[in-house]
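In each ligand, atom 1 is the first atom listed, and ligand 1 is the first ligand listed. Quantities reported herein were computed from a predicted structural model and do not represent experimental measurements.
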Amino acid sequence: MRGGVYVEKIPFNRACFEGKELAYIAEAISNGHISGDGPFTKKCHSFLKEKLGCEAVLLTTSCTHALEMSALLLGIKEGDEVIVPSFTFVSTINAFVLRGAKPVFIDIREDTLNLDESLLEALITPRTKAIVPVHYAGVGCEMDAIMDIADRHNVAVVEDNAHGLFGKYKGQELGTFGCLATQSFHETKNFTCGEGGALLINAPKLVERAEIIREKGTNRSRFFRGQVDKYTWVDVGSSYLSSDVLAAFLYAQFEVSEAIQAKRKRVWTRYYEGLVDWADQSGIRLPIVPNDCVQPYHMFYLLMPSLDVRQKFIQYLASHNIQSVFHYLPLHLSDQGRELGGDKFQCPVTDRVSDQLVRLPFYNDLPIDDQNRVIECIRSFDG
Ligand SMILES: *Cc1c(COP(=O)(O)O)cnc(C)c1O
């Protein structure tokens, strides 16, 4: 209740439907091919391949599984080191830890909250096997510097591009820099099928083995293409392909990708314009997008002056029936991170940003009136 008027809750996220999801699911069912790699999966593969220009695309059950496939493909083993930002989702590193890797946590830049490439070279050792940059909020990492360091030390780069689909760095699509990149189609991402993901493959030599690992270690994909006359167990692997029913849902969203991105751009821009003068006066930092980055409008965050103010802010919005949420807790200081020696890494920017950051309600169909209510409420917060 506010001023005696009931106001409906504005959630942080809401799954949005673009219209053809159900029709395509019905079509997948009538196609009679609802397991993996059916007609809709193929449409999703070609769509992403064409839009991004990568060598191959494989839909997976999640971004987490695409990361696990990456670790298998790179042959990560006990004692290998993998460099990741401490400010990321658990799966970015857990996928490699599952294969025995030792996490090496790198701090982030103050502006984009992406891994700080100036700290990268000092963390590389003869055991470093991979660097996993995360394009936070879909704003590109400094890929020129990262690729240069990786190439000079012969280290693989796997981009965790869960936030960054259709973002660009210096005119090049995010997800096309590393030998591998991973996407998420979880409900909270720009494009969704509930739970889903994709592995983008940019290094041609990794394609065949990626197909095998995704198909339980068998050469089933080659068999279906008529390239071998029987299919059999040829390598290690697991079951990482998603049902064509989910691919049908996802394709309905891909087909209107530009409309989805336009909606998200509208939401982002409205927040920015509605808050920029207030933020300036209140010592609050809005997202920074460098000139050479095109962002895909994944989220809108604020950096508050302190943890205390951030917590009061979240409570204040909640008291007005608006849900806002913080984000990653530093992985190097998590229980599992510490157990793996994470607390010996210094990530002061991560520690601070983790306390200060808050994300505002953001989804494709966030009504303008609701968004105006959020902006008005924020502007009335006086710390
Ligand atoms: C969402 C997310 C993931 C995990 O995605 P799932 O599809 O849920 O496995 C991994 N990394 C980042 C940065 C994410 O935001």
### Query
Using the ring of each side chain (for Trp, its six-membered ring), is F224 parallel, tilted or perpendicular to Y231, with breaks at 30° and 60°?
tilted

### Query
Between D244 and T41, does any side-chain donor sit less than 3.5 Å from a side-chain acceptor?
yes

Taking distance alone, no hydrogens or angles, what donor-acceptor pairs closer than 3.5 Å link side-chain atoms of residues 335-348 to residues at least two apart or in another chain?
unit_1	atom_1	unit_2	atom_2	d
R338	NE	L333	O	3.0

### Side-chain heavy-atom pair P133, M143 within 4.5 angstrom cut-off
yes

### Query
Which hydrophobic side chains are connected to F12, either touching it within the sub-4.5 Å cutoff or through other members that do?
V325

Pairs under 3.5 Å, nitrogen or oxygen of ligand 1 with protein nitrogen or oxygen:
unit_1	atom_1	unit_2	atom_2	d
ligand 1	5 (O)	S184	OG	3.3
ligand 1	7 (O)	C63	N	2.9
ligand 1	7 (O)	S184	OG	2.7
ligand 1	9 (O)	C63	N	3.4
ligand 1	9 (O)	T64	N	2.8
ligand 1	9 (O)	T64	OG1	2.5
ligand 1	11 (N)	D160	OD1	3.4
ligand 1	11 (N)	D160	OD2	2.7
ligand 1	15 (O)	H163	NE2	2.8
ligand 1	15 (O)	K189	NZ	3.3
ligand 1	15 (O)	Y328	OH	3.4

Enumerate, atom names and distances included, each donor-acceptor pair closer than 3.5 Å involving a side-chain atom of residues 189-200, sequence neighbours excluded.
unit_1	atom_1	unit_2	atom_2	d
N190	OD1	R264	NE	3.2
N190	OD1	R264	NH2	3.3
N190	OD1	H298	ND1	2.8
N190	ND2	Q261	OE1	3.4
N190	ND2	P296	O	2.8
T192	OG1	F185	O	2.9
T192	OG1	H186	O	3.2
T192	OG1	E187	N	3.2
T192	OG1	G194	N	2.9

